[in-house]
Protein chains: 2
Amino acid sequence: MNEPQQTKPDYERELRRAGIRITRPRRVILDILSEADSHPDAMEIFQRASVIDKSISLSTVYRTMKLLEGMGAIHRHAFEGGPARFEQASGEHHDHLIDLDTGDVIEFHSNRIEELQDEIARELGYEIVHHRLELYGRRKGGRKKK
Amino acid sequence: MNEPQQTKPDYERELRRAGIRITRPRRVILDILSEADSHPDAMEIFQRASVIDKSISLSTVYRTMKLLEGMGAIHRHAFEGGPARFEQASGEHHDHLIDLDTGDVIEFHSNRIEELQDEIARELGYEIVHHRLELYGRRKGGRKKK
DNA sequence: ATGCAACTGCAAATCGTTTGCAAAAGAGCG
DNA sequence: CGCTCTTTTGCAAACGATTTGCAGTTGCAT
Ligand SMILES: [Mn+2]
Ligand SMILES: [Mn+2]
Ligand SMILES: [Zn+2]
Ligand SMILES: [Zn+2]
């Protein structure tokens with residue numbers, strides 16, 4: 001028992017295998033991403049990285065995000081309004097519900113919806129490469145301010 | 001028989017009622033939107049408008065789009081990559097399938113998916129205000145170049 | 001017609017993201 | 001370890017889409 005959960009995949013190994021160098025900035029950013037519970041944007045990642053290594057630049061954050069995205073190590077989301085937000089790709093596929101009042105991002109998954117999407121695409125003669133399902137809503141009932 | 005289809009709603013009346021002035025640029029842009037079959041972006045609308053009235057500015061296109069969006073007269077889409085694209089809000093709700101090769105946008109609707117979305121949100125204690133479902137895919141089988 | 005707030009075009013500003021470039025630092029090798 | 005060959009970096013400037021300040025114009029209710 002006690003196998004490692006799907007958290008914190010060994011990116012370093014994966015990067016090396018792809019002939020990509022493991023640099024200090026990348027290590028720092030990778031760490032931040034594995035810790036991250038939420039869906040941070042580039043600026044947030046940059047700020048957290050700065051705490052660890054003052055010299056890391058925002059450009060490098062962006063470059064690293066693009067690199068990781070290309071490798072399929074992270075997913076990039078473009079929620080309404082704001083800047084792009086990222087998350088590790090390690091877990092299972094899921095979609096998002098965004099709380100319009102707080103900005104909270106809640107993850108969910110529906111096999112039924114995924115199936116229906118495939119079915120719809122198939123009927124239209126298409127094969128889905130990827131999709132994006134975002135629900136924007138507010139807490140029902142309670143006026144729970146925070 | 002022969003009632004008007006749901007196309008070309010009377011925006012002018014609606015605008016006037018909201019105390020908003022009907023100006024030449026707005027009339028031109030409104031016309032373009034009602035004609036539009038696809039999902040044009042601001043630049044496309046601007047260019048089509050320019051043909052009709054050389055003096056219309058891109059700023060005014062943007063300002064008008066924002067105004068119409070605020071009134072609920074149009075929907076703004078932010079498909080992957082490109083700039084915002086617009087469409088009249090007059091028709092029935094639908095979602096989009098984007099052809100990754102051609103950029104074509106295909107509309108579809110699934111009551112079942114809509115229901116499931118509501119159900120999921122409800123279970124999470126939320127009420128959906130709006131949502132966004134985009135499928136990105138490629139034509140299956142045929143290598144139909146164009 | 002008159003008057004004034006709403007609207008416009010223009011240029012400049014903003015925001016998030018990307019890029020060119022010269023300096024700095026990984027990695028394989030001896 | 002040092003050497004060399006690349007890759008990667010920080011910085012500042014460029015970018016594309018969209019927004020904004022401002023001074024002049026226009027719609028439209030008197
Ligand atoms: Mn997520
Ligand atoms: Mn549509
Ligand atoms: Zn999904
Ligand atoms: Zn829908």
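These numbers come from the heavy atoms of this one structure, side chains and all, not from hydrogens, waters or symmetry mates. Sequence lines set the chain letters: A, B, ... in the order given, protein chains first and strands last, and positions in each chain run from 1.
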*Calculate the interatomic distance between Leu58(B) atom CG and dC10(C) atom P; express it in whole Å.*
11 Å

_Positive for ring-ring contact (aromatic ring centres under 6.0 Å, His included) with His77(A), one of His96(A), His130(A), His94(A)_ = His96(A)

*Polar side-chain atom of Glu44(B) near backbone of Asp41(B) as donor-acceptor pair, under 3.5 Å*: yes

*Rounded to whole angstrom units, what separation is found between the CG atom of Asp53(A) and the P atom of dA24(C)?*
16 Å

*Nucleotide dA25(C), atom P - distance to CD1 of Ile56(A) in whole Å*: 13 Å

*Taking OP1 and OP2 of dT18(D), is either one under 4.0 Å from a side-chain nitrogen or oxygen of Lys66(B)?*
no

_For a quick test of reading the model: is some side-chain N or O of Thr60(A) closer than 4.0 Å to OP1 or OP2 of dG10(D)?_
yes

*Where each residue is assigned the nucleotide of DNA chain D containing its nearest heavy atom, which of Pro25(A) and Ile20(B) is assigned the position nearer the 5′ end?*
Pro25(A)

*CZ of Phe79(A) versus P of dG16(C): gap in Å, rounded?*
16 Å

*Could you tell me whether Arg26(A) contacts a base, only the sugar-phosphate backbone, or nothing, with contacts defined as non-hydrogen atoms closer than 4.0 Å?*
sugar-phosphate

*Could you please name the option among dA27(C), dG16(C), dT19(C) that lies closest to any side-chain atom of Pro83(A)?*
dG16(C)

*Side-chain N,O (Tyr62(B)) to OP1/OP2 (dT18(D)) below 4.0 Å*: yes

*Nearest-angstrom distance from the residue atom CE of Met43(A) to P of dT17(C)*: 9 Å

*Between atom CE in Met65(A) and atom P in dT17(C), what is the gap in whole Å?*
11 Å

*Most 5' of Arg24(A) and Asp41(B) on DNA chain D, judged by nearest nucleotide*: Arg24(A)

*Backbone N or O of Glu80(A) within a donor-acceptor pair of the Tyr136(A) side chain at under 3.5 Å?*
yes

*Base, sugar-phosphate alone, or nothing: which one does Ser59(B) contact when heavy atoms must sit under 4.0 Å apart?*
base

*SB check Arg132(A) Glu134(B) (cutoff 4.0 Å)*: yes

*Going by modelled atom types, is there a donor-acceptor pair between the base of dT9(D) and the side chain of Arg63(A) at under 3.5 Å?*
no

